[in-house]
There are 2 protein chains.
Amino acid sequence: MLLALMGGKALTATELSLEAGTTAQTASSHLAKLVSGDLLLVRKQGRHKYFQLHNYEVAQMLEGLLNMSANKKPIEVPTGPKDPSLRNARVCYDHLAGKIGVDLYSSLVSNNYLYDNKDTALLTDSGKQLFSAFGVNLQELEQKKRPLCKACLDWSERKSHLGGSLGKWVLDEILSNKWAEREPDSRVLRFCDTGLNQLKSKYKMA
Amino acid sequence: MLLALMGGKALTATELSLEAGTTAQTASSHLAKLVSGDLLLVRKQGRHKYFQLHNYEVAQMLEGLLNMSANKKPIEVPTGPKDPSLRNARVCYDHLAGKIGVDLYSSLVSNNYLYDNKDTALLTDSGKQLFSAFGVNLQELEQKKRPLCKACLDWSERKSHLGGSLGKWVLDEILSNKWAEREPDSRVLRFCDTGLNQLKSKYKMA
DNA sequence: CCGATGCTTCGATGTGCATCGAAGCATAAG
DNA sequence: CTTATGCTTCGATGCACATCGAAGCATCGG
């Protein structure tokens, strides 16, 4: 299971139990031990529990163990839907998900606009400046019950994308600018070329 | 036991069993497994068996594991005699042992005069040049049954010092030059200051 | 509200494995 | 030679722990 998590993705308990070739009960007890031993951390999302390696040290330790053992390759676990367009960009409730959403999130983090702490996400000072300059009324959003930023675990990518009221604002902007449009009866978001470029330049995505 | 071996010293099975707090039998079975799993390697020396970590990868792997565990410090196992002069320099059969012997050996290796392969030691080409220039008749020594060079595990330091006929030659030279003299009824070698300096400069010891 | 899904807790079962006593073998020391 | 030391093999014992069925709880979807 740890091997499967070496891919960097967060996986559910059931996925991990299948990977390990055991029942869900067995996997559950092992995962509980791994969590209590601070090797893994959990993100509970609805009825799912997503597990991921606790930090870089754990990965490093496993790396060392893998070096010793015979089969050296980490395992790639296929996740999410097969439909490529659904994997690429889609709506998660009211915010952007899929590969593009994850890319956006990691850009915000690497450009120091967003502080990522696994479960939570916080706007940095320069992040607040950025979105204020975009015309976002941060004070108004912060007064609501709903958190401004949320690290939401992406279904297909298994990494964080941006949720919360700010995530909603981003998606609203994408739709109102016609950078992308929703497919009817589907969660798929279809970006047009110019729209995608606009998004990328606006958020300094690689 | 692995933790105890992280100090870099080679330890005997009994020492390791004491360290682990088990009987000799238990330790023996564990050590056999560790050896067959290529985590450790053994050097049999008389009735003793000296164990040490197999290579750098193992140490790295353990390092990673230690990072995770609570007590982070490798253990120092006291070895050999308490008498400081005995630890510093002594005779091992007919060659130099103790701290100075180990230092000499590692100098030869780091200056590329000697090729160290854990159990065995071989003179490199430049090593052959060096000792030939010192007046050693290598061809004569190589014809004897006894190996020219031997990596002999040091009792107190638990690292290699130089044995074999070349090791004997080195000690003979030390004694004939009066760089050191043997204490009566003891294996202690007592170097004089100038003698030690001569030795160090001759073999480019740090 | 109901069924389905995801996960956990409880309890029982079996086995793998560490542990050690006793005996055996090799080497060293006297 | 004999005795002591270091290590291993064999065999018996017992515990720890993985495993899974069954039941329970929470969440989702209709």
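Only a predicted model underlies this, so the values are computations on that prediction, with no experimental measurement involved. Numbers restart at 1 for each chain; the letters A, B, ... are given by sequence-line order, proteins then strands.
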Can you give one letter per nucleotide of nucleotides 10-27 of chain D, going 5' to 3': B for a protein heavy atom under 4.0 Å from the base, S for sugar-phosphate only, - for none? --------SSBBB----B
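Rounded to an integer number of Å, the gap from B:Leu18 CG to D:dG6 P is 10 Å. Put simply, CZ on B:Phe51 is 14 Å from P on D:dG6, counting in whole angstrom units. B:Lys49 has its NZ atom 14 Å from the P atom of C:dA28, to the nearest Å. The nearest whole Å value for the distance from the NE2 atom in B:His48 to the C1' atom in C:dA26 is 12 Å. To the nearest angstrom, P of C:dT8 lies 12 Å from CG of A:Leu34.
With contacts defined as side-chain heavy-atom distances shorter than 4.5 Å, the pair B:Leu96/B:Leu189 qualifies.
Below 30°, between 30° and 60°, or above 60°: for A:Phe131 and A:Phe134 the angle between ring planes is above 60°, a perpendicular geometry.
Salt bridge status for A:Arg90 with A:Asp83: absent, with no side-chain N to carboxylate O gap under 4.0 Å. Contact check on A:Glu173 versus A:Lys168 returns no salt bridge, with no Lys/Arg side-chain nitrogen under 4.0 Å from an Asp/Glu carboxylate oxygen. For the pair A:Glu15 and A:Lys49, the salt-bridge criterion is not met [side-chain N within less than 4.0 Å of a carboxylate O]. Under 4.0 Å is where a charged nitrogen must lie from a carboxylate oxygen, and between A:Asp103 and A:Lys99 at least one such pair does.
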